[in-house]
Amino acid sequence: MFLINCPYCGERDQSEFSAGGEAHIVRPKQPTELSDDKWAEFLFMRKNIKGVQLERWNHTHGCRKWFNMARDTSNDKIHAVYKMGEKPPIK
Amino acid sequence: MMSKNLRIANSNFIDQTSRISFKFDGKILYGFKGDTLASALIANDIHLVGRSFKYHRPRGIMTCGSEEPNAIVQVGNDASMTEPNTRATEIELYEGLEASSQNCWPSVNFDIGSINNFFSPLIPAAFYYKTFMWPANFWKLYEYFIRKSAGLGKSPTQPDKDIYDHRYLHCDVLVIGGGISGIIAAKTAAKNNLNTVLIDDKNNLGGTTLFQQNECFKINNSYSNEWLKKEIETLDSIKNLTIKTRTTLAAYHSYNYLLARENLTDHLDLNEKKDKIRQRLWKIRAKKVIIATGAMERPLIFNNNDRPGIILSSSIKKYIDYYGVKCGQKISLFTNNDSAYETAISLSNSGVSINSVIDIRDKSNSLIVKQAEKLGIKIHWKHTVVNTNGYKKINSIEIMKLSDDGTAVVGKKIKDECDCLGISGGWTPRVHLFTQSGGKLKFRDVDNVFLPDKSELDQISIGSCNGDLELDEVIKNSVNSINKFLNVNNNDYKNLEIISSKEIDKKNIWLLPSDKPFGKTKPFLDFQNDSTANDIKLALREGFKSIEHVKRYTTTGMATDQGKLSNMHALGIVAETANLKMGELGTTTFRPPYTPLTFGAIVGRNVGKFFDITRRTPIHDWHVKCNAEFENVGQWKRAWYYPIENESMHEAVQRESKAARDSAGILDASTLGKIDIQGSDASEFLNRIYTNAWSKLEIGKCRYGLMLNEDGMVYDDGVTTRLGENHYIMTTTTGGAANVLGKLEDYLQTEWPELDVYLTSVTDHYATVSICGPNSKKILSKVIPDLNLSDKEFPHMSFKNALIDNIKCRVMRISFTGEHSYEINIQSSYGKSLWEKCFEAGKEFDITPYGTETMHLLRAEKGFIIAGQDTDGTMTPVDLQMDWIISKKKYDFIGKRSLYRSDTIRDDRKQLVGLLTDDPNEVLEEGAQIVLETKKQPIVMLGHVTSSYFSPNLNKSIALAVVKNGKKLKGQKMFVPMKNKTINVTITDTVFFDKENKRLNA
Amino acid sequence: MQIMKNKYSIFSLIKNAFSYHENWQRAWRDPEPKKEYEAIIVGGGGHGLATAFYLAKKHNMKNIAVVEKGWIGGGNTGRNTTIIRSNYLWDASAGLYDHALKIWEGLSQELNYNVMFSQRGVMNLAHNLQDVRDLKRRTHANRLNGIDAVWLNTEQVKKFCPIINTSPDIRYPVLGGTLQRRAGTARHDAVAWGYARGADEMGVDIIQNCEVKGIKRNGDSVEGIETTKGFIKSNKIGVVAAGHSSVIAGMVDLRLPLESKPLQALVSEPVKPIIDTVVMSNAVHAYVSQSDKGELVIGAGTDAYVSYTQRGSHDVVEGTLKAILELYPIFSRMKMLRQWGGIVDICPDASPIISKTHIKGLYFNCGWGTGGFKATPGSGDLFAHTIANNEPHKLNADFNINRFVSGDLVDEHGAAAVAH
């Protein structure tokens, strides 16, 4: 049970949040121009990193804001949280 | 036979004035307040308490705590309140306690299953993988008997009557374990203004020091127990300190999230338990955690080391010093370390005769050993026990001298009569919680212990769970660690004068040699699961090298004690046999919970009616009053149909459906999801999330929309109304409301943050009353007389603001039934009165309340889909023959690109069609499959029935279905093969009723 | 290299009892890796070992190795709730899982290792009207696909498993269910060990504690693997690494449609037989059976986030037990003995991938999500076929990677929100 530091509300229990998968997958601006392969990349293919992953979380039972998180999936340690639109603080 | 009384009168912890009666295996016995079931049984000279899992060997009480492998009993015999597999060593004695032995039949004294012991040569570890394979179909029979003989206690067969509870707890410092180091830690933390919680699984604090009254262990010239007692007395006056006894730390998760179970009534007399919370689960977030869980004594592994009367040496000490109970009249002790001498001295001080101490070491010159020698206790140095005798209780042991290298025995065998054997194989720090939290262990060679090493969390281990096994070290190192960890400078314990016997001579033999061939011996490791050292060696011989393989193959460490006593020896024997270093071998994983945790405590109060939220509409009570049957839709209760008198569901639905089309029907549509959408980009937002175009929708008009997933499949649908230039209200399906809002918020915040749009869920804010049918207009005009209902002023798919008794409401002229129909939305608190008002106004037209089933039937007559029933996550709008709803002009919307993939553009996909049965009275089963060919195998399924009803308005059966290439198959005869018959059907258009939509304006 | 093994039977047990069981042979060798193999299977779980077994047995490829970074059967094979069934909705899934079920039915004899396949039946409960439609649809499809599933009404559910709370007054009453009698459970460890012993007997090298660090490529083809025990050459590499599939795929810059998530399970303390079948419920998320040892075996759900820690959140366990007590209030005083987690690799359509890749000689078998154990023998057989022939078998043709591009998914989500 993580303790997540919502960038809008502060530290809260994990049960208030929901996970939204890999971050920084930008929805293509011109989907019709894409090949089926490229569209499938966007739709389904995931890095599924073992290590520090940038991912989306939503404070569902709180401010309902989406934000990003850098979390090590090999030990669940949260390295940083940052707002949508901000650059990841970790490479 | 009268049992002997083994009680002595010197205990401070047992109230010998307060006698308690209890039953064990049907026999009435007596103990005292302060006893555990185990101490009371021993006091009554009862050692045989259970039978082992596999061989049904007689087993007795072995320990005095949570690591007990043998003395596990069934408590109570009430079908709802009985509890299996409870450790007698942890049950506090109470008036009315009934307990019985498990895993034996007909009784623990005479157990038929013990025949297994004679077959034991045939059933080594994992024998079951090698046999029971012939004849193949007999496994069922073999399994029946295996299952019957396995299992320990019995599950209750009636629902639990007890209450369980959850509480949250936040603290600066959590101290786990109320022994000497835990007490020092808690005091230090609390005195430094840290909000501190100290928990201990026993009913009092103090740990083993509490009864350590020995010349060799003194603090500031007092016995250590006296010193500690004073420390404990001061705890009450300390602010910031909460103490919870009878509270077991069950699980230590990452981020210092811990679960602790507090026992509230298990120790109370039977008649005091009722209506109280039985157990409470504490969900703890601690800024810092101090683990002070102590150490547990190891057994020794030698031939026949499992007989009743063989008890851990430190437990014998606790039984005599704490409970005032003698574990025997003539006790021998067998050890590889100094601590057995503490037991010897305690026994001797209480007047129990010590046969001898058998010590595998060559010598020991510590204070404590010298003291024992001074008392005249006989010691066999460099000896080992090679065998024990006595079936239901030990009556003698056989001792031999160890060879110099410790691998064999030499010389003459000595037989020693005794009725109890204390064993001590050294100490194992309780590192379970540390590893549960993700901490890594290191190995200390000198005394073969795993110790806490690295942890990511803000925590420390102190005292003997950190490997400090001697009093002076415990205090000195704990104090230093605590000060450093809490960043404080507490000098209270700096200058204590501590006397502590020091153990210098150490020796360990994981598997002690015997004079018998190894194969003929039974040195038990896991007492409950009956796995022996032989089993470990067999596993290694067969190539199971990883410790996890050995554990699984032999089941060592997988019993209800989770290997607390057996793990170290299993590792030791594996390392020794495979010629590996212990540290390299690693350990098996300690998984939560630390001790078995009651399901009820984990669930707390979320049972029965609190299992899940029940959402009811503001009109719910009216439906109940009118006899409605309800359907669960998500968390909502929706009126399903309203049977009158003895009507069947079918009859009721037919009546309701007819009434709605013939005159007027009224439906509670309050559960539909409602999302208020505002902002200057609201229209653009709708353009992106729906398949159709929204910019041109006039204010005051409504439009049906279909929402896709990004993979092109239909996700949800509903009518959205434009309330103003920048203001819409969207409706969603009842079950989809929360997900739709979540999805919209997601896109808005993450993909299109530039859009000026605000979303608010208003589902619960409005009640929605829907009236439909040819007389709906007349009824509405009675309810809202000043509203112009002319088709010109208020056409289909439009909306008006209105006032009813001065209350604002929104009226939409929209229809899911194909009838002329209105939906009135009003602030939910007025929902019921609005409904009643409409009902009253409709009385002259026999207005009929109808439920979801009729709604489904009516819309099916019109071929309208229900997302989730006629779609299943694999249907595109094109598949639904709803091509018209896909805007050709829009550059993009959610899911658009996916509609043009090679599979989604196929024109022979499964498509929504209508289906008519040749026999108009035959109603198809929803979910039935549709085929073209019934004779040829394999049968090719082309689709299935999604919705099916008998239509009273058409007087025939109708159905919707999805069928491969269905669009092109209109008129095609097909088959629906049922279990006992085949139904002939024909593919039709999806609209069965009023194809011209005349009734919308009727 | 053929190594004839002694046959296991009651007679061999008796014979060995006389020598105090000191003469049992090793179940498998512990070889050092050779320089080169005809094929290498990455991942020594049930699926990987079965793949090696069938490559050797049916495709006469004996010079093969299984490399495992830990100990065989230590991943999801040894961590699952051992449910076996084939009552899947779509033809492709039904074909795949029933193929497996048919092998299960003779597996103990085929391996000469008792995998304790127990056909005690699996019941799936319906709690709302859409559940009823979905389960009936599945039952009809199953029947026509030759799979033995039947629909039970509430009384029949109660009769088959009397301890279920079928009261109409509970929050989500049981409205009926399906029953597949041929379905059941098996002993998970035995599956890995039995396949390992069988494969070893045919000469397959099972190499434990050997972690793959890289895949060597030559243009479009694979040439071998870099491991902690050195480079091993082979031009056929089959990856069956479950939760770690993406990690291996990443070594050749291959992206898969997978997410690896924690899945938890737990057992109670053992008790005498109290439930004789497997009961699953999707709406009230709970599934339970009782092991031969007497423990209630309870599967919890997955967490929604990616994690390789083999730990999940307590909320998931609490939610599962809440559902268990809703359906079985008699279990309230039972105690959780042990809980654990595995890492499951989940595809967007909740169906697996058993497929070639665009890299020649590299094959993937992954994406089994929460339900891979039941497919073990079939998965191994079909993956072996795919590797040996460089072409899928018709039963796994639909489970290719390309379906995520074309859109031709095998969507078992719609049919069962959780496809255990």
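A, B, ... follow the sequence lines: proteins, then strands. Residue 1 opens every chain.
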Which atoms of C/L409 approach chain A - backbone, side chain, both or neither, heavy atom under 4.5 Å: side chain
Qualifying residues under salt bridge (charged side-chain N to carboxylate O under 4.0 Å, His left out), relative to C/R217, sequence neighbours excluded: none
Can you pull out all donor-acceptor pairs below 3.5 Å that join chain C and chain A?
| from | atom 1 | to | atom 2 | distance (Å) |
| --- | --- | --- | --- | --- |
| C/H244 | NE2 | A/K50 | NZ | 2.7 |
| C/S246 | OG | A/N48 | ND2 | 2.7 |
| C/L256 | O | A/R46 | N | 3.2 |
| C/S260 | N | A/N48 | OD1 | 2.9 |
| C/S260 | OG | A/N48 | ND2 | 3.0 |
| C/V306 | O | A/R71 | NH1 | 3.1 |
| C/V306 | O | A/R71 | NH2 | 2.5 |
| C/S307 | OG | A/D76 | OD1 | 2.9 |
| C/S307 | OG | A/D76 | OD2 | 3.4 |
| C/Y308 | N | A/T73 | O | 2.7 |
| C/Y308 | OH | A/N48 | O | 2.6 |
| C/Y308 | OH | A/N48 | ND2 | 3.4 |
| C/T309 | OG1 | A/D76 | OD2 | 3.3 |

For C/K216, side chain to side chain donor-acceptor pair (under 3.5 Å) partners two or more places apart: none
Top of C/V247, C/L258, C/I343 for chain A proximity - count of heavy-atom pairs under 4.5 angstrom: C/L258
Which portion of A/L43 sits near chain C, non-hydrogen atoms under 4.5 angstrom: neither
By side chain to side chain donor-acceptor pair (under 3.5 Å) - contacts of C/T77 (at least two apart): none
